[in-house]
Each structure stands twice: as C-alpha cells, then as structure tokens.
Amino acid sequence: FMKDRVRCGACIHSTYRSNVVLMGIPILTNMFGDAGSVVAAMAMPFVVILYNISAVTVFTAYAPDSAGAKLDLKKLLLSIAKNPFIIAILLGLVCQLSGISFPVFANKSIDYLAGMSTPLALIAVGGQFDPQRAAGNLRLNLTICSLRLLVIPTIAIAAAVAFGFRGAELAFIMVVFGSPSAVSGAALAKVMGSDYELTGQITLMSSLLSAFSFFIIVTLLRSLSLV
C-alpha cells in the first residue's frame, strides 16, 4: 500500500527491528535477575548481528536509486562490510574472543558511554521531532507501532508458548519481539539515504507506547503463570 520505496524501507525496518538491547534487556533483568542475564548473554550476539545485517539489507534494497533494479549481491555485501554498526560488532567479538583486556580507565569510559547512549539517542531523536510532519504521518506511525508493540509480540509469544517456552526464555522472546523500534534506526536510515524522519517518529512514539504495551503483556503472562 506504499509506493515510496524510501518510506517503505523505513517502515519495514521500524516494524521488525526492536530496541531489545537498550530497552528490553533491563526489563528481563529486573524480572529474572541473573537467570535473565544468562539467557540474554547466550542469545544477544546472534540477535544483534542478525538485526544489523538485515537492517543494512533492507535499506540497501529500498534505496532511492534501486527502483526497478535487481538487488546487487556484491553491492549488498559491500554495504554490510562497510557499515559502522557491523564493524563495531565484529571488533567487539574479536576483543571478547581473543581475551584482549583494556586499562581500567578505558573500561570505565566505555561503560559511561554505554550508559548514556540510550538517553542521548532519544534526546537526539526528540530534538529532530517535527510535530507538523508527525501529524501528517500519525496514521502510519500508529499502524507501525501497533505491529511493533502488539501484533508481532503476540504472534511470537503464542508460537513460543506452543513450543514449550516458559520463564526467562519466554520473557526473552517477549522483549526481543515486543521492544520499541531501535533507537539507532534513525541514524542508520540517515546514513543510508532512507526516511530518517519517519524512522525517528516511529522510534519516539513506540518508545512512549511501550510502557503501556509491556505492562499489558507482562501482566497477562504473569496471570497465566507463563513467566
């Protein structure tokens, strides 16, 4: 139902990619403590890598100059390899697997940067928020937020329950599929020539609405003794 390829790419990205690292994992940890942290530590590397590779793929496939053209696999792989998010993940994996240790002051500096990343990113998205343009996209924003916060987590949780997931594992699936749109999406959309304003609007709105959606989902799961 959308002819604008650039906006289509932004909508696809905002619908499937969640802010699980910065918004979902703290909820999981508060619910299950160390058990939640263990589950997250085992699964998050795969989730983050998959999310970032698919994000670059979506934005490349729906780039402004890709209309009517076949997806160039070589160009796609090059875009993935050059993407700063992918490079950062690979460097982090190399440091983790190789056992490289950093001085205490460097670790503390990185921790400080990590702690301020979420609020700083949301401040940046909020600073670029244009109420007039957001009002014009209100229906689209609400549709994407409904998919991101209600429809997708409902389907994922129902499937997980059917496969026998319970407790911290089910809660992890809940935060992966039920967290708001990724806060880094607007920056990535801007770098790759997508509609970063629409991506930022959806991120901001879904982050605000997720307080209510998480409350509803967690309450229902606890009432059914599933988590």
Side-chain angles (χ1 to χ4, degrees), residues 1-2 7-59 61-62 89 118 122 137-185 188-189 198-199 201-227:
F1 61 95
M2 187 176 296
R7 288 169 64 86
C8 187
C11 289
I12 292 173
H13 172 270
S14 298
T15 300
Y16 85 85
R17 188 182 178 197
S18 67
N19 196 16
V20 59
V21 175
L22 303 177
M23 304 276 291
I25 297 304
I27 293 176
L28 179 66
T29 304
N30 286 333
M31 290 176 65
F32 289 95
D34 292 339
S37 299
V38 170
V39 173
M42 291 189 296
M44 278 312 301
F46 304 99
V47 173
V48 172
I49 292 173
L50 181 61
Y51 268 169
N52 282 279
I53 290 177
S54 56
V56 176
T57 303
V58 168
F59 284 137
Y62 288 91
I89 291 171
T118 300
L122 289 173
N137 294 325
L138 183 60
R139 183 177 178 182
L140 179 59
N141 288 341
L142 288 174
T143 300
I144 301 300
C145 287
S146 298
L147 291 171
R148 172 69 265 151
L149 300 176
L150 295 175
V151 177
I152 292 176
T154 298
I155 295 173
I157 291 170
V161 170
F163 279 104
F165 287 91
R166 298 291 188 275
E169 291 81 9
L170 181 60
F172 177 75
I173 293 172
M174 175 197 72
V175 298
V176 168
F177 291 97
S179 295
S181 295
V183 72
S184 60
L188 183 60
L198 177 61
T199 306
Q201 292 167 12
I202 296 171
T203 298
L204 194 62
M205 184 175 292
S206 62
S207 297
L208 293 173
L209 295 177
S210 65
F212 303 99
S213 63
F214 268 133
F215 174 77
I216 294 170
I217 294 173
V218 171
T219 300
L220 287 174
L221 292 179
R222 286 204 180 275
S223 66
L224 296 171
S225 300
L226 294 174
V227 296

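Scope of the values below: all heavy atoms of this structure, side chains included, with no hydrogens, waters or symmetry mates.
- Closest approach of Gly167 and Phe32 over heavy atoms only: C-CZ, 3.5 Å.
- Judged by distance alone, with hydrogens and angles left aside, the side-chain atoms of Arg148 form a donor-acceptor pair with the main-chain N or O of Phe177 at under 3.5 Å.
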Donor-acceptor pairs under 3.5 angstrom involving side-chain atoms of residues 36-56: please list them, not counting sequence neighbours.
{"from": "Ser37", "atom 1": "OG", "to": "Gly33", "atom 2": "O", "distance (Å)": "3.3"}
{"from": "Tyr51", "atom 1": "OH", "to": "Ser18", "atom 2": "OG", "distance (Å)": "3.2"}
{"from": "Tyr51", "atom 1": "OH", "to": "Val176", "atom 2": "O", "distance (Å)": "3.3"}
{"from": "Asn52", "atom 1": "OD1", "to": "Arg17", "atom 2": "NH2", "distance (Å)": "3.1"}
{"from": "Asn52", "atom 1": "ND2", "to": "Val48", "atom 2": "O", "distance (Å)": "2.7"}
{"from": "Ser54", "atom 1": "OG", "to": "Tyr16", "atom 2": "OH", "distance (Å)": "2.9"}
{"from": "Ser54", "atom 1": "OG", "to": "Leu50", "atom 2": "O", "distance (Å)": "2.8"}
{"from": "Ser54", "atom 1": "OG", "to": "Tyr51", "atom 2": "O", "distance (Å)": "2.9"}

Donor-acceptor contacts, no H, no angles, side chain residues 213-227, under 3.5 Å, sequence neighbours left out:
{"from": "Ser213", "atom 1": "OG", "to": "Ser210", "atom 2": "O", "distance (Å)": "3.2"}
{"from": "Thr219", "atom 1": "OG1", "to": "Phe215", "atom 2": "O", "distance (Å)": "2.6"}
{"from": "Ser223", "atom 1": "OG", "to": "Thr219", "atom 2": "O", "distance (Å)": "3.3"}
{"from": "Ser223", "atom 1": "OG", "to": "Leu220", "atom 2": "O", "distance (Å)": "2.7"}

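- Side chains of Ser181 and Thr199 form no contact here, defined as non-hydrogen atoms less than 4.5 Å apart.
- Between Leu28 and Ala168, the closest heavy-atom pair is CD1-O, 3.8 Å.
- Taking CD1 from Ile157 and CD1 from Ile173, the interatomic distance works out to 8.5 Å, rounded to the nearest 0.5 Å.
- Atom CD1 of Ile155 is separated from atom CG of Leu150 by 11.0 Å, given to the nearest 0.5 angstrom.
- A heavy-atom distance below 4.5 Å is not found between the side chains of Ile144 and Met205.
- In terms of heavy atoms, Phe59 sits closest to Ala189 at CZ-CB, 3.7 Å.
- Atom OG in Ser206 sits 11.5 Å away from atom CG in Leu147 (nearest 0.5 Å).
- Nearest heavy-atom pair, Leu198 versus Cys11, reported as atom, atom and distance to 0.1 Å: CD2-SG, 3.8 Å.
- By the 4.5 Å heavy-atom criterion applied to side chains, Leu149 and Pro153 are not counted as neighbours.
- Under the rule for a side-chain hydrogen bond (donor to acceptor under 3.5 Å, both in side chains), the partners of Asn137 that lie at least two apart in sequence or sit in another chain are Arg7, Gln201.
- Separation of atoms CG (Leu204) and CG (Asn141) is listed at 9.5 Å; rounding is to 0.5 Å.
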